[in-house]
Structure formats: C-alpha cells, structure tokens
Amino acid sequence: MAPVPDPADVPGVLQRVWLELYRDNFAGALAMVERAREAHPDPRYDAQADKIRGWLAHLTSPEAYARAYQQYYADVRRPGWLKRLDRELRTWLGRRTRRMVARVSRQEEYRLLEREVIAMGARRVMDAGCGEGRVALTLGARHPEVEVEGVEVAAVNVALARKLNRYRNVRFEQGLLEEVLRRRPGAFDLVYSFAVLEHVRDLDDTLDAVLTALRPGGRFCFSVPMNEFRADGPLPEFVADHAAGHVRVFTAAELGERFGGHPGFALTRIPGRWRPEHYPPQIVPVEFGSYFVAFSRP
C-alpha cells in the first residue's frame, strides 16, 4: 500500500484515511489521523478523528459493547410478521437447521476447521463468538462425539441459536467471550472464532483469554477478513452505516509476525466473492476474502 502523504497535505491524508475506513480498519484510520494532526494541526483532522471515535464508542466499556451488538442484531433480525411466521415454522420443523448445516458444511472455512478438529481428535470445542450458532451446529451435527459450546455477546443471537439447536452435544451461553473463557481454564481441546477478532474491544486480552481456555497443546483456529484494496481515483468521504462494526483489519504479514512463532502455525487465504455494490467504484480489490489461521498453545 502506498505511503501516507505528508501531513501538510490534508486532502491527501484524508484520502488514505478513507481508504482504511473502507477496508474496515477503524483503529488504523484513527491512528493515522492522530499522527497527522500531531505533525500538522488542522481542524479537518480534528473533525475526522471525532467521527471515527464516535463510530468506536461501543468500545468504551464491556456494557457499551454488549448493548451495541444486542441492538445491531435485534434490528437485523426483525423481519415482517409474515416472514417471521414462516421462519418460526421452518425452525420448529427443523428445516432451517438442516439447510444451515448443509450450507455451512460446504464452506471452505468450515472444511478447514473440521480438518483441524479431526486431526487432533478434539472432543471439547468452544465457538468463541458463535453468532446464531451456524458453525457450532454444523460441527455438532456432523460430529456427535464432539462436545461443542458456543458463547455470544448478543442475547438475540443466543436465543436464535437455542431455537435452531437439535443436538445434545451443542450448548450456547450468552456473555462476553473473554469473561466466559477465563472461567474455563484448560477446558478445551480446540477454540475457534470466525469473523470475531476484527470486532473485539481488546485483541490482546481476547487472545489471552483464548489461550487460558485451551489445554496445553490445544489448538486455536480463527478467520478474519482479507481486505486488501487500492483506490483508482479520489474516494468519496466514508460514512459508517451502523455503530457496531469492525475495529481492525489484518494482513498476512501481520498475522505471520504475531502468530508465526506458535507451534503448528498455518495460514490459508480463502478468496471471497467481491461485492462491488458495497463500495464506491474507485475501490479495487487486490485480495478479498478471509484468512484462516491455526496454531497450538505451547
């Protein structure tokens, strides 16, 4: 990626900041603005920093974080009454669960996870940030010998996961994953976390909690977005569409630097389907999809 322009070039710096925001790198964009403002004070930097801090307001406390995600998912999962009735019927009949399991089992992230579970003979598995439980339910359905637990911050997601659950070996709990994991030291053979680490309040604290919950030699698997973009032309100013979005992004180099020294480190690039309708036409993907990372606790 091109270097950040001279701080005196305020429009140029803001263009780079907006590119980082389109990448979902809110923390990186804020740091970029603050460095530029220190070197070259300008009210435009102050205004941009204030906007980004507002989008990150849910990080100010665990309670604010939980409220933001509860509200976000409550809004997302609020269909009209006819659609809600249809969903309830399909859930009660088990159709939604069967279709979910069939769909998820074909996804590359799940296939990589399943290989890890089988390779180490895992019997106690934690889904850290399970959402509506799609991966936990798929793993539980396909591997009845594995005990799968899921933790999720949004109560609305936990309620849905429990409705969808048809398996005795799968359980769901509502709470902050850092707090739940720390209450279970050494309890799990494998912990996985899909599309979560880009959201968490404190990455180091979350990783410490994960390693606490793993037994020695246990395996941690996670996926995070692969958002490598370039801008072919001036970008429109970025505007966030909700208050509980991504906080950070990862590059392959950063993942290797942070986790490459752990035993059994592996990184896989999974190409994704580019959705041009979600971005201005000036955004061009260099690499788009997700990274799947796995390593063992010493």
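Not measured: the values here are computed from a predicted model. When a residue number appears, it is its place in the shown sequence, counting from 1.
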I would like to know whether Val158 and Val153 meet side-chain contact (heavy atoms from CB on, under 4.5 Å); could you show each step before the answer? CA-CA 8 Å; Val158 175; Val153 68; over 6 Å; no

Verify side-chain hydrogen bond (donor to acceptor under 3.5 Å, both in side chains) between Asn157 and Glu132, making sure each step is shown before the conclusion. CA-CA 5 Å; Asn157 280 345; Glu132 77 279 14; 5.5 Å; no

Does the side-chain contact (heavy atoms from CB on, under 4.5 Å) test come out yes or no for Asp205 and Arg201, once each step is laid out? CA-CA 8 Å; Asp205 185 53; Arg201 295 179 62 242; over 6 Å; no

Intermediate values then yes/no, side-chain contact (heavy atoms from CB on, under 4.5 Å), Val247 and Val200: CA-CA 7 Å; Val247 174; Val200 297; over 6 Å; no

Step by step, work out the side-chain contact (heavy atoms from CB on, under 4.5 Å) result for Glu149 and Val125. CA-CA 6 Å; Glu149 298 184 35; Val125 173; over 6 Å; no

Run the side-chain hydrogen bond (donor to acceptor under 3.5 Å, both in side chains) check on Glu109 and Ser290 step by step: do they pass? CA-CA 9 Å; Glu109 287 177 343; Ser290 61; 2.8 Å; yes

Could you walk me through whether His199 and Tyr65 pass the side-chain hydrogen bond (donor to acceptor under 3.5 Å, both in side chains) test, one step at a time? CA-CA 10 Å; His199 293 271; Tyr65 185 86; 5.6 Å; no

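You'll find the side chain of Leu21 stays beyond 4.5 Å of the side chain of Asn25, heavy atoms only. Between Val104 and Leu137, the closest side-chain pair of non-hydrogen atoms is not below 4.5 Å. The side-chain heavy atoms of Arg258 and Leu207, taken from C-beta on, include a pair separated by under 4.5 Å. The shortest side-chain heavy-atom distance between Val210 and Leu181 falls under the 4.5 Å cut-off. With a 4.5 Å cut-off on side-chain heavy atoms, Leu160 and Arg96 count as touching. You'll find the side chain of Glu152 stays beyond 4.5 Å of the side chain of Asp127, heavy atoms only. Side-chain contact check for Met226 versus Ile270: every heavy-atom pair is 4.5 Å or farther apart. The closest side-chain heavy-atom distance from Phe288 to Asn227 is below 4.5 Å.
Legend: ring pair (Phe, Tyr, Trp, His ring centres under 6.0 Å) pairs involving residues 156-194, not counting sequence neighbours, sorted by first then second residue: Tyr192-Phe194. Screening residues 48-59 for salt bridge (charged side-chain N to carboxylate O under 4.0 Å, His left out), with sequence neighbours left out, gives Glu34-Arg53, Asp50-Arg53, Lys51-Glu237. The salt bridge (charged side-chain N to carboxylate O under 4.0 Å, His left out) pairs that include a residue from residues 63-72 number zero, where partners must be two or more places apart or lie in different chains. Applying the side-chain hydrogen bond (donor to acceptor under 3.5 Å, both in side chains) test to residues at least two apart or on different chains, the pairs with a partner in residues 266-285 are Arg269-Glu287. Screening residues 288-298 for salt bridge (charged side-chain N to carboxylate O under 4.0 Å, His left out), with sequence neighbours left out, gives no hits.
Going from atom CZ of Phe292 over to atom CG of Leu112 covers 5.0 Å, rounded to the nearest 0.5 Å. Atoms CH2 and CG, from Trp55 and Asp241 in turn, are 10.0 Å apart once rounded to the nearest 0.5 Å. The CD1 atom of Ile283 sits 5.0 Å away from the CG atom of Leu19 when rounded to the nearest 0.5 Å. For the atom pair Ser223 OG and Gln107 CD, the distance stands at 10.0 Å (nearest 0.5 Å). Distance check: Cys221 SG to Arg115 CZ gives 11.5 Å after rounding to the nearest 0.5 Å. Atom CZ of Arg171 sits about 9.0 Å away from atom CE of Met126, to the nearest 0.5 Å.
Taking the six-membered ring for Trp, Phe259 and Phe295 have ring centres closer than 6.0 Å. Aromatic ring centres of His262 and Phe220 lie farther apart than the 6.0 Å criterion allows.
We find that Asp189 and Arg219 are not joined by a salt bridge, their nearest charged nitrogen and carboxylate oxygen being 4.0 Å or further apart. With respect to the salt-bridge test (charged N to carboxylate O, under 4.0 angstrom), the residues Glu38 and Arg35 do not qualify. The existence of a salt bridge linking Arg184 and Glu179 is excluded, since no basic side-chain nitrogen approaches an acidic carboxylate oxygen closer than 4.0 Å. Of the charged side-chain nitrogens involved, none lies within less than 4.0 Å of a carboxylate oxygen, so that Glu147 and Arg124 do not count as a salt-bridged pair. Look at Asp9 and Arg16 and you find no salt bridge, because none of the NZ, NE, NH1 or NH2 atoms lies under 4.0 Å from a carboxylate O. Residues Asp24 and Arg248 are not paired through a salt bridge, judged by the lack of any N-O separation under 4.0 Å between the basic side chain and the carboxylate.
Heavy atoms only, all atoms of each residue included: Gly129 and Leu177 are closest at N-CD2, 4.1 Å. Between Val156 and Gln70, the shortest heavy-atom distance links the atoms N-OE1, 3.1 Å. Of all heavy-atom pairs between Gln15 and Leu235, the closest is OE1-N, 2.7 Å. Closest heavy-atom contact between Ala36 and Val13: CB-CG1, 3.9 Å. The two residues Ala136 and Val148 have their closest heavy-atom pair at CB-CG1, 3.7 Å. The two residues Tyr291 and Pro225 make their nearest non-hydrogen contact at CD1-O, 3.8 Å.
In the hydrophobic clustering of ILVMFWY residues, with side-chain heavy atoms under 4.5 Å counting as a link, Val224 and Leu267 come out together. At a threshold of 4.5 Å between side-chain heavy atoms, the hydrophobic network of Ile, Leu, Val, Met, Phe, Trp and Tyr places Trp18 and Tyr45 in one connected group. Cluster membership check: Val249 does not share its hydrophobic cluster with Leu197, using side-chain heavy-atom separations under 4.5 Å among Ile, Leu, Val, Met, Phe, Trp and Tyr.
Between Arg162 and Gln174, the side chains place no donor N or O within less than 3.5 Å of an acceptor N or O (distance only, hydrogens not considered).
A 6.0 Å sphere centred on CD of Glu257 holds no more than 12 heavy atoms belonging to other residues, nucleotides or ligands.
Looking only at distances, a side-chain donor or acceptor of Thr97 sits under 3.5 Å from a matching main-chain atom of Leu164. In this structure, Thr251 contributes its side chain and Glu254 its backbone to a donor-acceptor pair below 3.5 Å.
Looking at residues two or more places apart in sequence or on another chain, you find a side-chain hydrogen bond (donor to acceptor under 3.5 Å, both in side chains) between Asp46 and Arg37.
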